[in-house]
There are 2 protein chains.
Amino acid sequence: MPVGLRERKKQATRAALGEAAVRLAVARGVENVTVEAISAEVGVSPRTFFNYFDQRDDAFVMIDDELSERVRHAVLAAPAELSPLDAVRDALIAELVDVEARHGLWQLRAEVLRQAPHLLVRSLGAHTADEFGLATAVARRLHPATGDAGAPASGESADVTDAYDVDPAAVGLYPRLVAAMAGTAVRVAIEHWSTRSAEAFQPIFHSAFTQLAAGLPAPTAEDRGPVG
Amino acid sequence: MPVGLRERKKQATRAALGEAAVRLAVARGVENVTVEAISAEVGVSPRTFFNYFDQRDDAFVMIDDELSERVRHAVLAAPAELSPLDAVRDALIAELVDVEARHGLWQLRAEVLRQAPHLLVRSLGAHTADEFGLATAVARRLHPATGDAGAPASGESADVTDAYDVDPAAVGLYPRLVAAMAGTAVRVAIEHWSTRSAEAFQPIFHSAFTQLAAGLPAPTAEDRGPVG
DNA sequence: CTGAATTTTTTCATACCCTGCAATGTGTGG
DNA sequence: CCACACATTGCAGGGTATGAAAAAATTCAG
């Protein structure tokens, strides 16, 4: 894992592209930001943009692979007495607190998502890969031995949380549901929060997750909201 | 509501485009089906295609507005003693049974979704509008009077379930969660089912919904699936 | 039936997205 | 310094999507 100049430059370029994209989107609106403009802002060719992002919209959303991986790790490392759902919840809260704390690019990103709902869908709904990875982590948590049985005997095994080579059919319904519920909590919390910029995000998320994890019992007056 | 020749032809063209798209996708794979090919198959110009579908992918998915509306109606019309969640579940089951029964285009559509997961995401995830409409219906169910208080006094009021002009901020968190959970159950069930073509869809959906509505208690051995 | 009004389809032009490919430039490691 | 690996770039080309205006089809009144 060399962290040479090359790697640092790549990270810098990627970050610069993402930031430029978001800044431009806030300024002119998402649909008026071309790949050419983003690239020009950073000083690279449009072709290079696509070396970093598969699609234009990915630059606005900036799917954070490291964040996802930290969540998966946290789920696997959580105390055994925690239920799968609790493990996921705690892992997510830890990350979301972290994200909310950064009063920088994430603020702008939120602004962009508020303007362009379809990006919100893309960022959370469209990236089911994350959800599948999380489901796999949950499944591994439930089967501490089974998953590693077929692993290569060589010392250098791949990252346990790099679950993308797992057979989709091998992941049960329950882990999928846990991951999906968690993702749903995040998504709905963000959607709800985005219509109420005054409120803090964290309490909304906590409330959403708790209600979902309780199976959505009959609502209290407060849950209902002001209007039908 | 004149149902003249013009309207019938439009419906026919739309249906033909959707069907051609799906058939071609099954034959050559989704990514190898161009708008030009679809249009040629139907005998219209490529430009006309975009008069019917905003995006190419919409032709494969064929979002069924009528289905969504039936669900919303059913939720509003359900017996008062049913919880919101149960009302939604019953409405969805009724529709899904109906869909599964039609051994026609839906079979091919399912095949296409199995081949192209990103379309599945698009068809369900991208259609958060549906979810919002469902959430609004749930909210109305909880507030039978409030929502209509501000309605125009004129006799010709708009369809109660045409909820797209509702202020997003006016819908509470709970209705959103109910709609989102239902949508999640559908999505996960389809995803899970699409990896196991042998199993029937309905039991999977029922299981998914039930587990979600139970708050995902600790899993049984069967729920866990074979592998981590 | 005929002609005018309305709506849809089409043609044309245009901008942008995205992908291979080959050439060129820039870190890396010996 | 040299050879290698990797990143960037220009270019060519196919595909998506939209606007505007002409052309065709449907509707409707007389």
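Here is how names work: the chains are called A, B, and so on, in the same order as the sequence lines, proteins then strands, and each is numbered from 1.
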Any non-hydrogen side-chain atom of B:Arg187 less than 4.5 Å from a side-chain atom of B:Thr184?
yes

Within less than 4.0 Å of OP1 or OP2 of [N], is there a side-chain N or O belonging to [X]?
| X | N | result |
| --- | --- | --- |
| B:Lys9 | C:dT8 | no |
| B:Tyr52 | C:dT8 | no |
| B:Thr48 | C:dT10 | yes |

Between [N] atom [atom2] and [X] atom [atom1], what is the distance in whole Å?
| X | N | atom1 | atom2 | answer |
| --- | --- | --- | --- | --- |
| A:Arg8 | C:dT28 | CZ | P | 8 Å |
| B:Arg14 | C:dT9 | CZ | C1' | 16 Å |
| A:Glu31 | C:dA15 | CD | P | 17 Å |
| B:Glu7 | D:dC28 | CD | P | 12 Å |
| A:Asn32 | C:dA15 | CG | C1' | 13 Å |
| B:Lys10 | C:dT10 | NZ | P | 14 Å |
| B:Asn51 | D:dT16 | CG | P | 16 Å |

Could you tell me whether the side chain of [X] and the main chain of [Y] form a donor-acceptor pair under 3.5 Å?
| X | Y | result |
| --- | --- | --- |
| A:Arg56 | A:Val33 | yes |
| A:Arg140 | A:Leu76 | no |
| B:Arg14 | B:Tyr52 | yes |

If you check every side-chain atom of A:Arg6, which of C:dT26, C:dT8, D:dT9 has the closest atom?
C:dT26

Once side-chain contact (heavy atoms from CB on, under 4.5 Å) is applied, do any residues pair with B:Ala16, and if so which ones, sequence neighbours excluded?
B:Val42

Measure up the B:Phe53 and B:Phe49 rings against each other and bin them: parallel (under 30°), tilted (30 to 60°), perpendicular (over 60°).
tilted

Its contact letters, B for base, S for sugar-phosphate only and - for none at protein heavy atoms under 4.0 Å, make nucleotides 16-22 of chain C read SSBBBB-

Residue set satisfying side chain to side chain donor-acceptor pair (under 3.5 Å) with B:Asp98, at least two apart, ordered chain then number -> B:Arg102

